[in-house]
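Working notes for the structure below.
Atoms within a ligand are numbered from 1 in the order they appear, just like the ligands themselves. Computation of the quantities below employed the complete heavy-atom set of this structure, encompassing side-chain atoms and omitting hydrogens, waters and symmetry-equivalent molecules. Along the sequence shown, residues carry numbers from 1.
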Amino acid sequence: MKLEDKVLRILENSRRIFVSGSDIARKLNVSRMAVSKAIMNLRKRGYVIESHPRLGYRYVEVDDLRLLDSYIRDINTKLNFKVLYFEEVSSTQDVAFSLINSGVSEGTIIIAERQTKGRGRLGRKWLSPMGGLWFTIILTPSISPNYVTLLSLMTGCAVALGIQDITNVRPELKWPNDVLINGRKVAGILVEMLAEADRLRYALVGVGINVNNEIPKEVSDSAISLQQVLGRGIPRIPLMRAILRRFDELYQRLVRGDVNSILKVWRSLSSTLGRRVIVYLGEKTIEGIALDVDEDGALIVKVNGEVRKVYSGDVVHLRFRK
Ligand code: ADP
């Protein structure tokens with residue numbers, strides 16, 4: 001176990017009570033410097049750890065989304081995140097759309113406790129009961145509209161890595177926009193945009209994560225929550241902090257045009273590549289081996305010896321190649 005995880009365990013075990021840095025150091029037989037470095041790393045991963053000059057450290061499990069805005073002040077991101085909290089909305093994407101005419105700033109996050117009309121791709125429903133994370137990040141990137149698929153892949157990476165930072169469970173990504181654990185959907189991503197000629201004016205990055213919510217019956221075969229995976233609920237604020245940090249880091253690379261490093265991360269998390277897949281393209285379907293993603297985020301599929309690019313569509317994984 002890494003030192004920081006040992007420190008975390010001590011903090012978790014003394015819930016709500018401060019533990020001094022020297023006590024932790026003594027227990028783990030390491031220096032106080034090592035402890036303070038571990039605390040720093042834990043904070044980077046998203047954990048909320050308070051410190052007091054005399055009392056030491058205290059781990060707080062914050063789940064209350066109304067507090068999110070105040071708990072992301074210290075995450076040091078380039079994007080200037082600002083949270084607008086709602087108890088209930090039709091969909092956070094709709095609220096974001098309605099706000100962009102009033103000149104909202106980049107990094108504004110619309111988050112809601114529940115959505116009554118959450119949306120997926122192609123007019124599908126995204127069920128969003130209490131206890132999950134349902135939010136939209138408003139962006140104004142000066143990138144070409146062609147980057148929209150990449151933005152979607154990139155968001156999947158941020159969500160998967162943020163989940164891993166907090167839970168140590170590594171989700172897999174299914175092209176283009178599903179985040180899976182044990183083959184079931186733990187999160188979904190929907191990127192919508194408003195473009196102007198050849199410039200992207202707004203991108204609305206919608207994310208839905210099953211955290212502590214019940215999984216609706218309609219999707220009980222295909223969906224999973226983090227609570228189900230871990231056997232316990234997890235506080236949503238640390239998870240949001242972790243995801244936003246990851247998002248910011250990857251987004252900076254994207255706007256710099258560093259597409260390769262995004263694709264590298266995506267490939268490392270992908271469960272699609274190397275697999276036999278069926279791709280539903282409207283009326284048509286193709287079946288082949290998913291070889292790679294290209295610099296537009298398109299999926300490259302080998303069909304009967306011929307290489308095809310897929311820009312959108314639904315992918316079904318068939319089985320492992322081997
Ligand atoms: P896809 O994953 O097929 O691209 P979308 O991103 O369009 O799907 O998401 C919509 C689909 O996700 C729905 O048709 C439904 O099957 C499924 N779904 C809806 N709500 C949830 C949820 N809370 N968790 C997991 N899957 C869901």
Provide, to 0.1 Å, the distance between [atom] and the closest protein heavy atom, together with that atom's residue and name.
| atom | value |
| --- | --- |
| atom 23 (N) of ligand 1 | Leu127 O, 2.8 Å |
| atom 11 (C) of ligand 1 | Lys185 NZ, 3.6 Å |
| atom 27 (C) of ligand 1 | Trp126 CZ3, 3.5 Å |
| atom 14 (O) of ligand 1 | Arg124 CD, 3.4 Å |
| atom 7 (O) of ligand 1 | Arg121 N, 2.6 Å |
| atom 16 (O) of ligand 1 | Val219 CG1, 3.9 Å |

* With respect to Thr272, which candidate in His317, Glu172, Lys174 satisfies the side-chain hydrogen bond (donor to acceptor under 3.5 Å, both in side chains) definition? -> His317
* **Candidates Leu226, Val207, Leu65 - the one meeting side-chain contact (heavy atoms from CB on, under 4.5 Å) with Leu133** => Leu65
Please could you name the atoms of ligand 1 that [X] approaches to less than 4.0 Å, counting only its heavy atoms?
| X | result |
| --- | --- |
| Ala223 | 24 (N), 25 (C), 26 (N) |
| Lys125 | 10 (C), 11 (C), 13 (C), 19 (C) |
| Asn210 | 22 (C), 23 (N), 24 (N), 25 (C) |

Determine all donor-acceptor pairs shorter than 3.5 Å in which one atom belongs to a side chain in residues 153-164; sequence neighbours excluded.
from   : atom 1 : to     : atom 2 : distance (Å)
Thr155 : OG1    : Leu151 : O      : 2.7
Gln164 : OE1    : Arg170 : NH1    : 3.0

* Structure fact -> Closest heavy-atom pair, Arg45 versus Asp165, reported as atoms and distance to 0.1 Å, is NE-O, 3.0 Å
* Asked: When you check the side-chain N and O atoms of Tyr202 and Glu192, is any donor under 3.5 Å from an acceptor?
  -> no
* **Beyond-backbone contact of Leu127 with Asn213, side-chain heavy atoms, under 4.5 angstrom** => no
* What part of Leu190 sits under 4.0 Å from ligand 1 if we count only heavy atoms: the side chain, the backbone, both or neither? -> neither
* Charged N-O contact under 4.0 Å between Asp178 and Arg121 -> no
